[in-house]
Amino acid sequence: MIEQNEFQTRLAELSAQAIARIEQAASSKDLEAVSVHFLGRKGELTVVLRGLASVPSDQRPAMGRLANEVKSELEGRLAARENVLRVEEQERRLRTERLDVTLPPPILEPGHLHPLTQALRRLKQIFIGLGFEVVDGPEVEMDYYNFEGLNIPADHPSRDMWDSFYLGGNMLLRSHTSPVQVRVMERQKPPVRVIVPGKCYRRDAVDATHSWQFQQIEGLLIDEGITFANLKGVLDTFAREMFGARRKTRFIPSYFPFTEPSA
């Protein structure tokens with residue numbers, strides 16, 4: 001059995017300890033730990049209250065009221081301390097997060113365009129200056145536009161130069177930008193002066209100079225009196241504009257099964 005005086009002493013000691021810890025709590029997190037320690041399901045007050053069963057039955061009601069008074073007092077002190085800490089923490093945040101709007105803004109380093117984007121813009125600028133129009137076409141293309149319409153039937157030897165990504169239904173990822181030439185000529189009468197930059201796809205093994213996806217640019221010029229000399233002049237001008245006015249160019253005869261003459 002626990003005597004009334006002993007039970008009261010336990011409650012008084014517990015209350016004094018809890019009040020001291022509440023006043024010492026420096027943050028909301030510390031205060032929450034104090035609350036769990038004294039008023040939690042396994043807290044100190046809960047342990048003391050279990051001792052009520054050992055108090056004489058005629059003294060239990062009085063001790064029960066006393067225990068509830070201690071609990072209410074601690075809950076009130078916890079709430080009051082929480083309000084104080086909340087105000088203090090808010091003031092600290094306001095001091096540390098204060099922004100002086102009179103200061104100049106921080107200097108933000110801008111990003112840079114991707115090298116491919118820079119090169120493509122320069123290419124377009126040069127050819128537009130030479131009177132060419134920039135056109136685009138679908139990357140998922142019909143076999144007709146990718147090969148047949150360019151005089152490259154299924155048995156043409158130049159088909160061996162491509163290992164294409166076929167998607168089924170006579171569709172494929174374009175293996176060059178030439179399909180756009182066919183599309184332009186279908187809708188536009190000569191004269192034609194266009195360039196076609198864009199992505200292409202082939203089943204190439206990836207190495208330092210090959211990839212399954214790459215960028216290509218080609219031009220198409222159709223007009224009266226156009227000769228191979230015009231092609232040389234355009235390419236020579238492009239090379240000097242792209243790589244420097246003192247750049248020298250050289251044309252070497254070569255063989256391609258889909259163009260004649262070739263260089």
If you look only at pairs with a residue in [range], which of them pass as a salt bridge (Lys or Arg N to Asp or Glu O under 4.0 Å), with sequence neighbours excluded?
range: residues 228-237; result: Asp236-Arg240
range: residues 107-128; result: Arg122-Glu241
range: residues 207-227; result: none
range: residues 244-263; result: none

[X]: what forms a side chain to side chain donor-acceptor pair (under 3.5 Å) with it, not counting sequence neighbours?
X: Asp155; value: none
X: Arg203; value: none
X: Gln17; value: none

Classify the side-chain pair [X]/[Y] by whether it contains a donor and acceptor separated by less than 3.5 Å.
X: Ser164; Y: Asn146; result: no
X: Glu82; Y: Ser28; result: no
X: Tyr144; Y: Asn170; result: no

Cluster question for you: counting only ILVMFWY and a side-chain heavy-atom cut-off of under 4.5 Å, with indirect links fine, are [X] and [Y] together?
X: Phe165; Y: Ile152; answer: yes
X: Leu31; Y: Val84; answer: no
X: Val36; Y: Ile22; answer: no
X: Phe251; Y: Ile226; answer: no

Can you name the nearest heavy-atom pair linking [X] to [Y], along with the distance?
X: Gly225; Y: Asn230; answer: O-OD1, 3.8 Å
X: Arg86; Y: Asn83; answer: NH1-OD1, 3.0 Å
X: Ser211; Y: Asp204; answer: O-CB, 3.9 Å

Does the Lys NZ or Arg CZ of Arg183 fall within the cation-pi geometry relative to Tyr145 - under 6.0 Å from the ring centre and within 45° of the axis? yes
Would you mind listing the cluster partners of [X]? Hydrophobic ones only (ILVMFWY), side-chain contacts under 4.5 Å, chaining allowed.
X: Val196; value: Val135, Val180, Val184, Met185, Val192, Val194, Leu220, Ile222
X: Ile252; value: none
X: Leu108; value: none

Side-chain heavy atoms of Trp212 within contact of Arg202, under 4.5 Å: no
Just how far is it from atom CD1 of Ile19 to atom CG of Leu78, taken to the nearest 0.5 Å? 10.0 Å
What pairs with Phe127 under ring pair (Phe, Tyr, Trp, His ring centres under 6.0 Å), at least two apart in sequence or on another chain? Phe132, Phe238
ring-ring contact (aromatic ring centres under 6.0 Å, His included) contacts in which one or both residues fall within residues 169-198, not counting sequence neighbours: Trp162-His176
Where the side chain of Ser27 meets the backbone of Asp30, is there a donor-acceptor pair that is under 3.5 Å apart? yes
Does Leu113 offer a backbone N or O that forms a donor-acceptor pair with the side chain of Thr117 under 3.5 Å? no
